[in-house]
Amino acid sequence: MVLFFTLVSSILVYFVYRANRNTYEAVLNRVTVNVRQNDQDVIRILHLSDLHLENLSISPDYLYNKLKDEHIDLIALTGDFLDRKKSIPKLVPYLNVFQQLNPAYGIYAVFGNHDYVLRGQHFQTLKKTLEQHGCILLQNETRTIFVDGKTVNIIGIDDFSTKRSDLQKAYANVKDGLNLVLTHDPNIVLHMHDYHFDYLLSGHFHGGQIHWPKPYHLVKMGKLVRMNMIKGYHEIDGKPFYISEGLGQTGVNIRVGTKPEITIHTLSLMPLKQAKQHVS
């Protein structure tokens, strides 16, 4: 009996060790969206989500070395930076890396449910820290940029899971052009039948974090999970969206069946409606 428990304990310790080691190596995924052959009118977006600084094994140096040779036009951060006030200073070295990567059109960020655990002055300190390090924060609002003469609306929709999303407000100043949506909880796409987007970036699910044999624990996190949409590229109503597996972890610092994700999206500057007309 003692031997049996020793064996089980050893297996469990090894399992936890391997699961923790999985958090130290990020996968760099490359996604191409609606880009036609020889299409030069594109924007390259570095997408990071769910840093969760309380349980983050990826260092700023690791991140910089992984990305320093990449051509990045824009950085999109889709929420859940942290949930404790003492973690705010830990965010600064990562923000410095984002600035060092020198995205031509800036750094844009939205908040997630964990960020809103902070209250009052502590949340304001988080906002101020992000803004002081070059992040443009979007809380149900749009910023319009021009890339090679093409109009790109960067639409930031506030966190859906904490009932802070306001689609009407977020889309109030959208101009004719490409609609790039940044949001934390991808479940919002199920409520966007009347709101057009050409591409939507999100996170929230961590790819299950413990994805073995299946991420049953995610069921409570919305309808998309029951539709088996918890990570990667998907489409709804013909509109594409992406769910990042995130960079950090929550609860315990382990991953099973998933790894931290860094994503570079190459997106055509031609809006979907024009692209369909072009094909036809």
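Remark: side-chain polar atoms of Glu261 are not paired, donor with acceptor, to backbone N or O of Ala26 under 3.5 angstrom. Side chain of Asp50 to backbone of Leu247: no donor-acceptor contact under 3.5 angstrom is found. Within the 3.5 Å criterion, the main-chain N or O of Lys150 finds no donor-acceptor partner in the side chain of Asp148. Between the side chain of Asp198 and the backbone N or O of Leu178 there is no donor-acceptor pair closer than 3.5 Å. Distance alone, capped at 3.5 Å, is enough to place a donor-acceptor pair between the Asp115 side chain and the Phe81 backbone. Remark: side-chain polar atoms of Gln209 are paired, donor with acceptor, to backbone N or O of Ile254 under 3.5 angstrom. Within the 3.5 Å criterion, the main-chain N or O of Pro260 finds no donor-acceptor partner in the side chain of Glu245. Using a distance-only test at 3.5 Å, with no hydrogens or angles considered, a donor-acceptor pair links the side chain of Thr142 to the main chain of Ala170. With hydrogens and angles disregarded, a donor-acceptor distance shorter than 3.5 Å links the side chain of Asn140 to the backbone of Arg164. Listed for the Thr183 side chain is no donor-acceptor partner under 3.5 Å among the backbone atoms of Ser202.
Ion pairing of Glu25 with Lys259 is present here, as a side-chain N (NZ or NE/NH1/NH2) and a carboxylate O approach within less than 4.0 Å.
Heavy atoms only, all atoms of each residue included: Ile188 and Ile157 are closest at CG1-CG2, 4.3 Å. Scanning both residues, His133 and Ile107, for their nearest heavy atoms gives O-CD1, 4.3 Å. Nearest heavy-atom pair, Pro60 versus Val97, reported as atom, atom and distance to 0.1 Å: O-CG2, 3.5 Å. Across all their heavy atoms, Ile264 and Leu67 have their closest contact at CD1-CD2, 4.1 Å. Asn113 approaches Ser161 most closely through the heavy-atom pair CB-OG, 3.4 Å. When every heavy atom of Gln100 is checked against every heavy atom of Tyr64, the shortest pair comes out as CB-CE1, 4.0 Å.
The shortest distance between side-chain heavy atoms of Val147 and Asp73 does not fall below 4.5 Å. Counting heavy atoms from C-beta on, the side chains of Asp158 and Val110 never come closer than 4.5 Å. Counting only heavy atoms from C-beta outward, the side chains of Lys90 and Leu82 never approach each other to under 4.5 Å. Residues Lys231 and His211 are in side-chain contact: their nearest non-hydrogen atoms beyond the backbone lie under 4.5 Å apart. With a 4.5 Å cut-off on side-chain heavy atoms, Leu63 and Ile262 count as touching. Here the side chains of His193 and Asp237 are in contact, with some heavy-atom distance below 4.5 Å. With a 4.5 Å cut-off on side-chain heavy atoms, Phe123 and Val117 do not count as touching. A heavy-atom distance below 4.5 Å is found between the side chains of Ile155 and Asn179.
Both tests pass for Arg21 against the ring of Tyr24: distance under 6.0 Å to the centre and angle within 45° of the axis.
Exactly one of Asp83, Thr162, Asp159 qualifies for a side chain to side chain donor-acceptor pair (under 3.5 Å) with His114. That residue is Asp83. In summary, of the residues considered (Val152, Leu267, Ile154), a side-chain contact (heavy atoms from CB on, under 4.5 Å) with Leu74 occurs for Ile154 alone.
By the 30° and 60° cut-offs, the orientation of the rings of Tyr199 relative to Tyr233 is tilted. Ring-plane geometry between Tyr116 and Phe111 is classed as perpendicular, the angle between the planes exceeding 60 degrees on a 0 to 90 degree scale with a lower cut at 30.
Clustering ILVMFWY residues whenever any of their side-chain heavy atoms sit less than 4.5 angstrom apart, transitively, puts Met227 in the very cluster that holds Ile230. Residues Val31 and Val42 do not share a hydrophobic cluster, clusters being chains of Ile/Leu/Val/Met/Phe/Trp/Tyr side chains in contact below 4.5 Å. Connection of Phe197 to Leu180 is not established within any shared hydrophobic cluster, with ILVMFWY side chains joined at heavy-atom distances below 4.5 Å, either directly or through further cluster members. The same ILVMFWY cluster, assembled from side-chain heavy atoms under 4.5 Å apart, contains both Val33 and Ile43. Under the 4.5 Å side-chain contact rule for hydrophobic residues, Leu46 and Val181 do not share a cluster.
The closest side-chain donor-acceptor pair between His47 and Thr78 falls under 3.5 angstrom. Using modelled atom types, one finds a donor on one side chain and an acceptor on the other under 3.5 Å when comparing Asn253 with Ser57. The closest side-chain donor-acceptor pair between Thr144 and Asn153 falls under 3.5 angstrom. Side-chain atoms of Gln132 and Lys127 form no donor-acceptor pair, as typed in the model, at a separation below 3.5 Å. Side chains of Arg84 and Ser87: no donor on one and acceptor on the other come within 3.5 Å. Side-chain polar atoms of Asp80 and His204 form no donor-acceptor pair below 3.5 angstrom.
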Taking it one step at a time, do Ile58 and Leu51 satisfy side chain to side chain contact (heavy atoms under 4.5 Å, CB included)? CA-CA 9 Å; Ile58 304 299; Leu51 271 67; over 6 Å; no
Stepwise ring-ring contact (aromatic ring centres under 6.0 Å, His included) test for His52 and His206: CA-CA 11 Å; His52 289 290; His206 302 188; 4.8 Å; yes
Apply side chain to side chain contact (heavy atoms under 4.5 Å, CB included) to Phe205 and Met229, showing your working. CA-CA 10 Å; Phe205 296 149; Met229 296 183 180; over 6 Å; no
Check the pair Lys128, Gln121 against side-chain hydrogen bond (donor to acceptor under 3.5 Å, both in side chains), reporting the backbone distance first and the verdict last. CA-CA 10 Å; Lys128 184 177 179 181; Gln121 187 56 47; over 6 Å; no
As a quick check of understanding, evaluate side chain to side chain contact (heavy atoms under 4.5 Å, CB included) for Glu141 and Lys169, giving each step before the final call. CA-CA 6 Å; Glu141 56 193 301; Lys169 183 179 178 183; over 6 Å; no
Side chain to side chain contact (heavy atoms under 4.5 Å, CB included), that's the test. Do Thr263 and Val27 meet it? Break it down for me. CA-CA 8 Å; Thr263 322; Val27 175; over 6 Å; no
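Residue Gln40 qualifies as open at atom CD: its count of foreign heavy atoms under 6.0 Å is 12 or below. Within a 6.0 Å sphere centred on CZ of Arg143, heavy atoms belonging to other residues, nucleotides or ligands number 12 at most. The environment of NZ in Lys85 is sparse: at most 12 heavy-atom neighbours from other residues, nucleotides or ligands sit within 6.0 Å. For Gln168, the CD atom is loosely surrounded, since the number of other residues' heavy atoms within 6.0 Å does not exceed 12. Within a 6.0 Å radius of NE2 in His71, other residues, nucleotides and ligands contribute more than 12 heavy atoms. Within 6.0 Å of CG in Asn173 there are 12 or fewer heavy atoms belonging to other residues, nucleotides or ligands.
Atom CG of Leu224 and atom CD1 of Ile243 lie 5.5 Å apart (nearest 0.5 Å). To the nearest 0.5 Å, the span separating CG on Leu56 from OG1 on Thr250 amounts to 12.5 Å. We find the CG-CE distance between Leu167 and Met192 to be 5.5 Å, quoted to the nearest 0.5 Å.
Not less than 6.0 angstrom separates the ring centroid of His184 from the ring centroid of Phe160.
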